[in-house]
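Below, chain A is the first sequence line, B the second, and so on; all start at residue 1.
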Protein chains: 2
Amino acid sequence: MATVSAAPGDRAAVTPAAVRDAATTLFAEKGYHGTALSEVAARLRIRTPSLYNHMSSKQELLAEIVLTTSQEVWAEFEAAVDGRDDVVSRLREAARVYALRHATHRREALIVNRDVASLDEPVLSQVLELRRRHERAVRDLIAEGADRGVLVVETPRVASFGVLEMCVSVARWFSPGGPLTAEQVAEQYSEFALRVAGHVGAPT
Amino acid sequence: MATVSAAPGDRAAVTPAAVRDAATTLFAEKGYHGTALSEVAARLRIRTPSLYNHMSSKQELLAEIVLTTSQEVWAEFEAAVDGRDDVVSRLREAARVYALRHATHRREALIVNRDVASLDEPVLSQVLELRRRHERAVRDLIAEGADRGVLVVETPRVASFGVLEMCVSVARWFSPGGPLTAEQVAEQYSEFALRVAGHVGAPT
DNA sequence: CTACCGTACTAACGAGCGTTAATTGGTCGA
DNA sequence: TCGACCAATTAACGCTCGTTAGTACGGTAG
């Protein structure tokens, strides 16, 4: 009953969150430039100008989606590796949460990877900085493992891109209604990550 | 001297190929909907309507880029596995040519993976069919290897997506001016592919 | 020299975009 | 019951887009 801005009657209320959700679905499907605000409005069964009661601009919609997602990715990485000293398990958990996010937040992930170039400054720089930080952290993880001899890679940089982008692509094929849960896929991908990084672990 | 439509004078001639090349660069950078034909024209130092002396529409430009690339991907796959009976070397070569293509045809690869949804029928269906065929072939390769016991995977479908999308993402980070050549990256990625597919081969 | 063909140009179109302004109408607290 | 507020509406804006029409020009073949 005390939900935020709940509709008293029969139909769902239009809220800032509802607008962002509709935009997220459409941006993911057709891209930022390929989506008209009239389509977002139609999905909410209102006219286009009414959107402006709940948002300030189309660009701000994109910025909010991409920045929030990027911040959460970094926070999840930090939480995943926090408290673990074993470099292999750190890499495994980093890959797991990254793959899991791309299975559970498919729309946001697709938008981040497709439309980041459409962002205006200064958000663009913030997002790129967060992404670089994440990439660097994973690369350092693999490089450390290689130094200690628990991982075997030719080039840590190449391996880290392989691992990260493999996880990203989960968003492109995963289906919540499919035979595997997001957690099961994330588990398999964390194993893939260790394999790519040349971890000589116990196979099954 | 006898090049196709060469300029007699000092500046490069505008040809259908030159238009497609300029469009490829811009579509890859800003997306199909994010690119205006005026930008394509500006890059060729002509006015927008002059483009129509060398093409028929913006949509046809996209269709040509995406369809050609998709057909070449399938042809390269067939050539790579042709004549090899060992399933492991078939998978290795399939991954190598796929990764190599994404390093050497970065722009086209980015467009295919970003703007395929902007294609009109019937090209859209043709492209999706070619993509499905490729995905299925790689999945079958991994499934066969798993059956024969030379590969170890939990789910061939998941592993095949992991392998393919990892190769695709080469287009997103590779730089021709970087420390590694396209061939070197492709070699590393073909090794990654075998690792993901659980091939217990000779390390190093 | 002339006629032609290809390529570039300017001008203009219809449509759709994101956004703003002004107005209506319904809900709820005083 | 009245007034305030909020969210929806219609109308309209300035702009950019892809595309078409009509025209000028310059090299080449006859």
Side-chain angles (χ1 to χ4, degrees), chain A residues 1-24 26-27 29-66 111 115 118-120 123, chain B residues 1-24 26-27 29-66 111 115 118-120 123:
Chain A
M1 295 248 182
T3 58
V4 181
S5 303
D10 47 353
R11 272 234 293 283
V14 175
T15 63
V19 172
R20 197 174 48 216
D21 186 71
T24 301
L26 288 165
F27 288 176
E29 192 177 314
K30 325 179 50 165
Y32 176 70
H33 287 301
T35 302
L37 284 185
S38 60
E39 301 174 274
V40 179
R43 179 169 268 262
L44 298 166
R45 299 178 176 280
I46 58 176
R47 307 283 169 241
T48 310
S50 302
L51 289 173
Y52 288 81
N53 286 317
H54 311 284
M55 59 164 215
S56 65
S57 74
K58 188 188 184 189
Q59 172 68 212
E60 186 228 44
L61 227 39
L62 175 66
E64 214 172 296
I65 295 168
V66 174
I111 296 168
D115 293 317
S118 300
L119 278 173
D120 290 347
V123 179
Chain B
M1 294 252 181
T3 58
V4 181
S5 303
D10 47 352
R11 271 235 295 279
V14 175
T15 63
V19 171
R20 197 174 48 216
D21 185 72
T24 301
L26 288 165
F27 288 176
E29 193 178 313
K30 323 178 55 164
Y32 176 71
H33 286 301
T35 301
L37 285 185
S38 61
E39 302 175 274
V40 179
R43 179 169 270 261
L44 297 166
R45 298 178 175 281
I46 59 176
R47 307 284 169 237
T48 311
S50 303
L51 289 172
Y52 286 82
N53 287 317
H54 311 285
M55 60 165 218
S56 66
S57 74
K58 188 188 184 189
Q59 171 69 211
E60 186 227 44
L61 228 40
L62 176 66
E64 214 173 295
I65 294 167
V66 175
I111 296 168
D115 292 317
S118 300
L119 277 174
D120 290 347
V123 179

With the side chain counted from C-beta on, respond yes when Leu61(A) and Val19(A) share a heavy-atom pair under 4.5 Å apart, and no when they do not.
-> yes
Starting from P on dG16(C), measure out to NE2 on His33(B) and report it in whole angstrom.
-> 14 Å
Would you give the length of the straight line joining atom CD of Glu60(A) to atom CZ of Arg20(A), rounded to the nearest 0.5 angstrom?
-> 9.5 Å
For Leu51(B) and dT20(D), what is the distance between atoms CG and C1' respectively, to the nearest whole Å?
-> 14 Å
Give the rounded distance in Å between these two atoms: NZ of Lys58(A) and P of dG16(C).
-> 15 Å
Between atom CD in Glu60(B) and atom P in dG18(D), what is the gap in whole Å?
-> 15 Å
How close or far is atom P of dT19(C) from atom OH of Tyr52(A), stated in whole angstroms?
-> 3 Å
Leu26(A) CG to dG18(C) C1', in whole Å, measures 16 Å
Taking the side chain as every heavy atom from C-beta outward, state whether His54(B) and Leu44(B) have any pair of such atoms under 4.5 Å apart.
-> no
Classify the nucleic acid contact of Thr35(A) as base, sugar-phosphate or nothing, counting any heavy atom under 4.0 Å across all strands shown.
-> sugar-phosphate
Identify each atom pair where a protein N or O and an N or O of nucleotides 8-10 of chain C are less than 3.5 Å apart, giving names and distance.
| from | atom 1 | to | atom 2 | distance (Å) |
| --- | --- | --- | --- | --- |
| dA8(C) | OP2 | His54(B) | NE2 | 2.6 |
| dA8(C) | N7 | Asn53(B) | ND2 | 3.0 |
| dC9(C) | OP2 | Arg47(B) | N | 2.7 |
| dC9(C) | OP2 | Ser50(B) | OG | 2.8 |
| dT10(C) | OP2 | Arg47(B) | NE | 3.4 |

Hey, could you give me each pair passing salt bridge (Lys or Arg N to Asp or Glu O under 4.0 Å) that has a residue in residues 29-43 of chain B? Not counting sequence neighbours.
-> Lys30(B)-Glu39(B)
When rounded to the nearest 0.5 angstrom, what distance separates CD1 in Ile111(B) from CG in Leu62(B)?
-> 7.5 Å
Hey, what do you get for NZ (Lys58(B)) to OG (Ser118(B)), rounding to the nearest 0.5 Å?
-> 8.5 Å
